[in-house]
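Inspection log for the structure reproduced underneath, given as structure tokens.
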Amino acid sequence: MNFKKLLWVALLGLSIHQNAFAERMLIDKVVATVNDGVILQSEVDQIINRVKEQAKQQNTELPSDQTLRIQAIDRLVDQTLMLQLAGRMGMEISDAQLDQTLASIAAEQGGTIADLRKTIEASGENFQEYREQIRKEITISQVRRANVDRRVYISPREITNLQKILAEQTGSAEEFDLGHILVKIPSKATPEEIEDARIRANKVIEFLNEGKEFKRIAIASSSGPKALEGGQLGWMSINEMPSLFAEAVKGKKKDEIIGPVRSGAGFHILKVQDIRGRQVVETTEVRSRHILIKPSIILSEEKAREMLAGFAKDLRDGKADFGELAKEHSEDPGSALKGGEYDWTDPTTYVPAFKDTLMSLEIDEISEPFRTNYGWHIVQLLGKRVADKTEQAKLNRAHGLLYNRKFKEEAFKWQSEIREQAHIDIFAAE
């Protein structure tokens, strides 16, 4: 009797287990296959639920669930293809790299990773799943970048042409206060007269570079129509001035002397006395040197830190030479042979810990040991300056606009090619 009861309980338990398993299988049924991978219903539901939640918060009207399902599966197909390609490329995102990205996301929201976790969990999401989703997004971004970058070509002519268009669009807002001196050449001048005028023009530039007053030199030396006014042409935009002057002043800075510029009338000398309407881009640059020690199985974290602390003390006491220590001990192949030195650089290009430490130093000061994802460092600030990057910013803008347009075009083509080469089956909804 007891045996029958136990058997009945076991069979009942098995039945319940099978029903529960069948229910889970129903929830996680396969809705599509992508090569040797699968897309599950739960993944589709997760995307749809997230879209619906965002739409609710933003008071946005959504299309039908069927349309959302098609869109979600389409996104998951592309995602699966990218992750499969990442696997074939051997591309992996380390936990350290993932943590850096999460820290950046948290910092943009004014908090830490712990704060980000609280926010995610408060919204009802699992933080570990969120973390892995970010890992996937980083992987997909890097796969796309690696494969599409080499398909994007931008010629110097394209950049130049776009810069001209952008300058024409914004040039009317930029005006120059110009001073002008003309060293005249007689009509039908002999080579000797032309050379004499060139020598006089160069002498005028020499005086101006020595700091002589422009107006006084113009009154004394210029044959231009505004000579008696000290050569003052007043405020003009690029479009208002003679094309010869327009080409000459492009990209020039305030107080810059330009010339001599030859025309049929003679040799022109210009001074950019002031500029208005120009967006000036200035960047702080630093020059530095560092020593990098990488912890290993042989060298522990603490030993690496202590080693650099000893170097820093010896350097401050004048018992060691930074360059020699860097050449002998630094594990940064890019700077070790140069005594650990980096040339003038925008500090924002460095990893945050390196940048923050560097910017906290006084000139010639040596830091305490600090850790980055590369290892342990000490760094010395050798110099700091403000550089005018206006022209570089214009070039970067033109290049960036061209790159973004071409990258989107090529990414779409590449994504279509990848899909065409893949074996994809999408099953109809029941």
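Sequence positions, counted from 1, serve as the residue numbers for this chain.
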Sub-4.5 Å side-chain heavy-atom contact between I363 and L382: no
Any donor-acceptor N/O pair, T357 side chain to A353 backbone, under 3.5 Å: yes
Test item: side-chain donor near acceptor, N147 and R150, under 3.5 Å: yes
S123 side chain to I120 backbone, donor-acceptor under 3.5 Å: yes
Working for side chain to side chain contact (heavy atoms under 4.5 Å, CB included), residues L81 and N35: CA-CA 8 Å; L81 285 170; N35 294 324; 3.8 Å; yes
H290 vs E341 side-chain heavy atoms within contact, under 4.5 Å: no
Donor + acceptor pair across side chains of S237, E240 (<3.5 Å): yes
Heavy-atom closest pair, residues E121 and F127: OE2-CB, 3.9 Å
Salt bridge D332-K338, side-chain N to carboxylate O under 4.0 Å: no
Pair E192-E195, side chain to side chain contact (heavy atoms under 4.5 Å, CB included): steps then yes or no: CA-CA 5 Å; E192 290 77 14; E195 184 57 29; 5.8 Å; no
Ring geometry between H268 and F245 (parallel below 30°, tilted from 30 to 60°, perpendicular above 60°): perpendicular
Charged N-O contact under 4.0 Å between E229 and K215: no
Other residues, nucleotides, ligands: >12 heavy atoms within 6.0 Å of Q133 CD: yes
Heavy-atom pair of closest approach, residues I366 and A312: CG2-CB, 4.3 Å
Check: E365 side chain, E362 main-chain N or O, donor-acceptor pair, under 3.5 Å: yes
Between Q273 and Q232: side-chain donor-acceptor atoms closer than 3.5 Å: yes
Electrostatic pair K389:D346 at N-O distance under 4.0 angstrom: no
Residues forming a salt bridge (charged side-chain N to carboxylate O under 4.0 Å, His left out) with E368, sequence neighbours excluded: R316
Whether H399 and Y403 hold their rings parallel, tilted or perpendicular, with breakpoints at 30° and 60°: parallel
Spacing of E206 atom CD and I199 atom CD1 [to the nearest 0.5 Å]: 12.0 Å
Stacked cation flag R151 on F407, 6.0 angstrom / 45 deg: no
Donor-acceptor contact below 3.5 Å, side chain Q421 vs main chain I418: no
Test: K413 and E410 ion pair at under 4.0 Å: yes
